[in-house]
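Numbering starts at 1 and runs along the sequence shown.
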Amino acid sequence: MPFGPRTSAGRPYATNEPVVEDRDMPPNPVDRVKDKVRTFNKYLLNPLMMRLAGRKHWYASVIRHTGRRSGRHYATPVVADQVDNAFILPLRYGTDVDWLRNVQACGEAIVTSGGRNYNVVAPRVIDAQTAGRLLPTRRARAFERFGIHQFLMLDRVG
């Protein structure tokens with residue numbers, strides 16, 4: 001189906017711009033690989049990670065959140081770095097992930113890290129430059145090498 005503005009009858013408006021068809025645009029191979037890795041992680045790796053995530057002396061944490069439509073409670077393994085009175089979580093797959101949308105819609109969550117639970121609020125997406133100023137230099141460089149450009153910042157409560 002062609003992109004671009006349409007009349008009420010579904011025909012494109014007359015413009016000088018060429019109409020781009022879906023079939024003319026090959027899928028981005030990097031996006032396909034990311035989607036496959038995300039699916040693998042969601043259904044195979046994450047259930048295994050949940051056994052260790054959030055424990056003392058383990059790198060992965062858990063974010064507990066409530067479904068924005070269902071109201072169900074979910075737990076997702078994440079990497080969470082504690083900085084001052086906040087946590088910074090790298091958004092490896094960008095902002096189009098369910099757990100992030102749930103946290104943003106609810107406005108709060110619980111992060112389990114290092115064997116302790118932390119109530120967190122005020123979710124906001126920040127860029128790599130902002131996160132880099134708050135994270136330890138080695139950590140910021142590692143995220144940069146992995147091509148992570150967006151992060152979630154959450155304020156600790158109490």
Enquirer: How many angstroms lie between atom CE of Met153 and atom CD1 of Ile126, to the nearest 0.5 angstrom?
Expert: 5.5 Å
Enquirer: Between CG of Leu152 and CG of Leu100, what distance do you get to the nearest 0.5 Å?
Expert: 5.5 Å
Enquirer: How far apart are the closest heavy atoms of Asn102 and Thr66, and which atoms are they?
Expert: CB-O, 3.4 Å
Enquirer: Would you mind listing every ring-ring contact (aromatic ring centres under 6.0 Å, His included) that reaches into residues 92-141, with sequence neighbours excluded?
Expert: Phe87-Tyr118
Enquirer: Once you round to the nearest 0.5 Å, how far does OG1 of Thr76 lie from CG of Leu89?
Expert: 10.5 Å
Enquirer: Grouping I, L, V, M, F, W and Y whenever their side-chain heavy atoms are under 4.5 Å apart, do Leu91 and Val33 come out in a common cluster?
Expert: yes
Enquirer: If a pair satisfies salt bridge (charged side-chain N to carboxylate O under 4.0 Å, His left out) and one of its residues is in residues 46-60, list it, with sequence neighbours excluded.
Expert: none
Enquirer: Kindly work out whether a path of hydrophobic side-chain contacts (I/L/V/M/F/W/Y, heavy atoms less than 4.5 Å apart) joins Phe146 to Phe40.
Expert: yes
Enquirer: For residues 145-158, which residue pairs qualify under side chain to side chain donor-acceptor pair (under 3.5 Å), counting only residues two or more places apart or in two chains?
Expert: Arg124-Asp155
Enquirer: Kindly write out the residues that satisfy side chain to side chain donor-acceptor pair (under 3.5 Å) with Thr95, not counting sequence neighbours, or none if the list is empty.
Expert: none
Enquirer: Sorted by first residue and then second, give each side chain to side chain donor-acceptor pair (under 3.5 Å) pair with at least one member in residues 126-139; sequence neighbours left out.
Expert: Asp81-Arg139, Asp127-Thr130
Enquirer: Run the salt bridge (charged side-chain N to carboxylate O under 4.0 Å, His left out) test against Asp96 and tell me which residues pass, sequence neighbours left out.
Expert: Arg101
Enquirer: Quick check on the hydrophobic clustering: are Val78 and Val83 connected, directly or via other members, by side-chain heavy-atom contacts under 4.5 Å?
Expert: no
Enquirer: Going by side-chain heavy atoms closer than 4.5 Å, which hydrophobic residues are tied to Met50, directly or by a chain of links?
Expert: Val62
Enquirer: Less than 3.5 Å apart, which donor and acceptor atoms pair up between the side chains of residues 104-116 and the rest of the protein, not counting sequence neighbours?
Expert:
from   : atom 1 : to     : atom 2 : distance (Å)
Thr112 : OG1    : Arg64  : NE     : 3.4
Thr112 : OG1    : Asn117 : OD1    : 2.5
Ser113 : OG     : Ser61  : OG     : 3.1

Enquirer: Kindly work out whether a path of hydrophobic side-chain contacts (I/L/V/M/F/W/Y, heavy atoms less than 4.5 Å apart) joins Val120 to Ile88.
Expert: no
Enquirer: Listed by chain and number, what are the side chain to side chain contact (heavy atoms under 4.5 Å, CB included) partners of Ala60, not counting sequence neighbours?
Expert: Met49, Ala53, Trp58
Enquirer: When Ile, Leu, Val, Met, Phe, Trp and Tyr are grouped by side-chain heavy atoms lying under 4.5 Å apart, directly or through other members, which residues fall in the same group as Val121?
Expert: Val157
Enquirer: For a side chain to side chain contact (heavy atoms under 4.5 Å, CB included) check, start with the C-alpha distance between Arg72 and Tyr74, then their side-chain angles and the critical distance, and finish with the verdict.
Expert: CA-CA 6 Å; Arg72 289 182 54 196; Tyr74 296 96; 3.8 Å; yes
Enquirer: My understanding is that only residues two or more places apart in sequence, or in another chain, count here; which of them pass side chain to side chain donor-acceptor pair (under 3.5 Å) with Arg92?
Expert: none
Enquirer: With Tyr59, which residues qualify under ring-ring contact (aromatic ring centres under 6.0 Å, His included), at least two apart?
Expert: none
Enquirer: Could you check whether any side-chain heavy atom of Ile63 comes within less than 4.5 Å of a side-chain heavy atom of Leu154, counting everything from C-beta outward?
Expert: yes
